[in-house]
Amino acid sequence: TRVADLQKLAAAAGVRARDGRGAPSLRAVCAAWLRAELDKAEQCSDWDARPLSEAQRAYAALDAVAVLLIHEKLRSVDDAIEKLRRIPPR
């Protein structure tokens with residue numbers, strides 16, 4: 001099983017934090033690679049409270065789906081690069 005640090009991968013690929021400093025957030029990576037805007041309104045809500053609100057559950061689920069979509073995108077890019085490497089030189 002391979003594990004990758006999404007922030008490090010994104011930073012190495014030139015994705016920057018929204019303020020231009022530090023490591024890129026999931027929101028910044030989604031904007032750059034998926035052309036999608038993540039709503040982070042629930043980020044600072046009370047995550048210790050139980051039960052979690054519907055909005056909190058939706059927020060958590062969206063973050064998980066975003067990471068899966070980024071994984072699929074990276075995998076398709078990786079597959080394309082591998083196919084290009086197999087093309088014999090002319």
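Taking CG of Leu9 as the start and CD1 of Ile70 as the end, the distance is 10.5 Å to the nearest 0.5 Å. Between Leu84 atom CG and Asp79 atom CG the span is 11.0 Å, to the nearest 0.5 Å. One distance of note links CD of Gln56 with CD of Gln43; it measures 12.0 Å at 0.5 Å rounding. A distance of 9.0 Å separates CG of Leu26 from CD of Gln7, quoted to the nearest 0.5 Å.
Applying the salt bridge (charged side-chain N to carboxylate O under 4.0 Å, His left out) rule to pairs touching residues 60-75 yields Lys40-Asp63, sequence neighbours excluded.
Using a 4.5 Å cut-off on side-chain heavy atoms (C-beta onward), Val29 and Leu34 make no contact. A 4.5 Å side-chain heavy-atom check between Trp33 and Val15 finds at least one atom pair inside the cut-off.
Residues Ala23 and Ala17 share a closest heavy-atom pair of O-CB, 3.5 Å. Considering every non-hydrogen atom in both Arg16 and Ala28, the closest pair reads O-CB, 3.6 Å. Taking both residues in full, the closest heavy atoms of Arg2 and Asp78 are given as NH2-OD2, 4.4 Å, listed atom of the first, atom of the second, then distance.
Proximity of a side-chain donor or acceptor of Arg57 to a complementary backbone N or O of Leu52 within less than 3.5 Å is detected. Put simply, the side chain of Glu42 never gets that close to the backbone of Ala55: no donor and acceptor are under 3.5 Å apart.
Hydrophobic clustering (side-chain heavy atoms under 4.5 Å, transitive across Ile, Leu, Val, Met, Phe, Trp, Tyr) keeps Leu68 apart from Val77. Residues Leu6 and Tyr59 do not share a hydrophobic cluster, defined by chaining ILVMFWY side chains whose heavy atoms lie under 4.5 Å apart.
Taking a 6.0 Å sphere around CZ of Arg50, one finds it holds more than 12 heavy atoms contributed by other residues, nucleotides or ligands.
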